[in-house]
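Here's the structure we're looking at; comments come further down.
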Protein chains: 2
Amino acid sequence: MDAKSTEMGLVHLLRAVTVEFDLLGAEFAVRHGLHPTDVRALIHLLDAARSGTRATPGWLGGQLRLNSAGTTALVDRLERLGLVRRSKDVADRRRVLLEVEEKATVLGETFFGPVIGEVVRAAEGFEEAELATVRRFLTAVLESTARAR
Amino acid sequence: MDAKSTEMGLVHLLRAVTVEFDLLGAEFAVRHGLHPTDVRALIHLLDAARSGTRATPGWLGGQLRLNSAGTTALVDRLERLGLVRRSKDVADRRRVLLEVEEKATVLGETFFGPVIGEVVRAAEGFEEAELATVRRFLTAVLESTARAR
DNA sequence: GGCGATAATCTCGTTCAGCGAGATAGTACG
DNA sequence: CGTACTATCTCGCTGAACGAGATTATCGCC
């Protein structure tokens with residue numbers, strides 16, 4: 001029971017952090033006239049751009065669990081906001097590639113800048129070895145939950 | 001730059017965990033005919049019940065950043081599903097108290113059971129001292145981000 | 001103790017994100 | 001070349017959430 005309640009504490013902490021990050025995202029969204037989904041899409045698109053993954057509407061919809069109609073509407077929205085640009089894939093002309101505009105990366109930095117700052121401050125009181133432990137734990141949780149789905 | 005990219009990794013990990021938990025919640029929601037908002041509401045209501053906080057529609061709406069109309073619709077939905085019961089506060093009869101039904105706690109356990117199981121499994125390869133470090137770090141992040149808002 | 005001010009909740013009408021179904025256009029493969 | 005397949009988009013609809021304002025209960029003040 002003691003061991004279990006210990007892990008309960010971890011679950012609640014993780015959930016609390018999740019809630020906090022969600023709220024940050026939501027507040028950022030309304031402040032910039034976006035929807036929470038738009039912010040999530042932006043995050044995925046920036047991740048893709050950074051890792052060199054080619055983003056398409058179908059891929060984006062899959063990440064966000066949206067159907068094709070919703071995805072089209074989402075991309076329309078992002079395009080209208082000047083955050084993303086549609087371009088045809090020359091190799092497979094059925095495909096549409098989504099390229100993030102300068103404006104989107106700027107917006108991403110605006111969002112993550114403060115968050116990173118806060119995490120850096122929170123990490124200040126920790127040894128590098130301790131941070132490594134935290135990273136290892138979060139990675140384990142991630143793999144574990146991803147596998148569960 | 002190295003220290004900064006180290007913290008970047010932490011931010012990305014935390015964000016990834018957030019995304020993963022969100023997806024779990026969303027999938028749980030559709031599987032039980034609920035909306036994501038309903039699941040979030042349920043979490044808040046169960047938290048309130050556990051900590052002895054008296055829940056009212058106004059309080060719940062504040063937690064979820066819903067306006068009064070949306071809150072009423074939400075409570076209607078939850079009541080129709082038999083997850084919650086409205087009852088008048090005897091001390092202040094303007095107020096409506098929200099009491100969670102047995103069904104809601106069962107549903108909550110159904111949701112968190114597997115999540116807890118996964119986190120427990122993820123925690124298995126760690127020393128108690130390491131888990132304490134993780135808890136301390138998450139608490140620090142929580143305070144830090146909460147303060148930023 | 002009545003009466004305006006205040007607070008919590010609910011009602012009404014509207015907007016728009018996301019869904020299901022199906023159309024359209026490009027590709028692969030026999 | 002025709003058939004099966006895939007990617008994206010169009011159309012019509014449902015319902016969550018919004019803004020504005022009505023309703024109901026309580027409190028403070030004279």
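Just so it is clear, the structure is predicted and the values come from calculations on it, not from any experiment. Sequence lines set the chain letters: A, B, ... in the order given, protein chains first and strands last, and positions in each chain run from 1.
- One interatomic measurement links the two molecules: CZ of B:Arg77 to P of D:dT14, which rounds to 17 Å at whole-angstrom precision.
- In this entry the distance linking CZ of A:Arg40 with P of C:dA17 reads 14 Å, nearest Å.
- Ring planes of B:Phe126 and A:Phe137: perpendicular class, angle over 60° (limits at 30 and 60°).
- At least one donor-acceptor pair closer than 3.5 Å links the side chain of B:Lys103 to the backbone N or O of B:Leu81.
- The CZ-C1' distance, from A:Arg95 to C:dT24, rounds to 18 Å in whole Å.
- Between A:His44 and A:Trp59, the angle of the ring planes goes over 60°, which puts this pair in the perpendicular group of the 30/60° scheme.
- Cluster membership for A:Val141 and B:Leu131, using ILVMFWY side-chain heavy atoms within less than 4.5 angstrom, is shared.
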Can you give one letter per nucleotide of nucleotides 18-26 of chain D, 5' to 3': B if a protein heavy atom sits under 4.0 Å from the base, S if only from the sugar-phosphate, - if neither?
-> BB-----BS
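- The NE2-P distance, from A:His35 to C:dC16, rounds to 8 Å in whole Å.
- When the C1' atom of D:dA17 is taken as reference, atom CG of B:Leu64 falls 12 Å away, rounded to whole Å.
- Straight-line distance from the CG atom of B:Asp38 to the P atom of D:dG15: 13 Å, rounded to whole Å.
- Using modelled atom types, no side-chain atom of B:Thr53 and backbone atom of B:Ala49 make a donor-acceptor pair closer than 3.5 Å.
- One finds no side-chain N or O of A:Thr72 lying less than 4.0 angstrom from the OP1 or OP2 phosphate oxygen of D:dT10.
- As a whole-Å value, the separation of B:Leu98 CG from C:dA8 P is 14 Å.
- One interatomic measurement links the two molecules: CG of A:Leu78 to P of D:dT8, which rounds to 15 Å at whole-angstrom precision.
- Between the side chain of B:Glu130 and the main chain of B:Glu127, a donor-acceptor pair closer than 3.5 Å is present.
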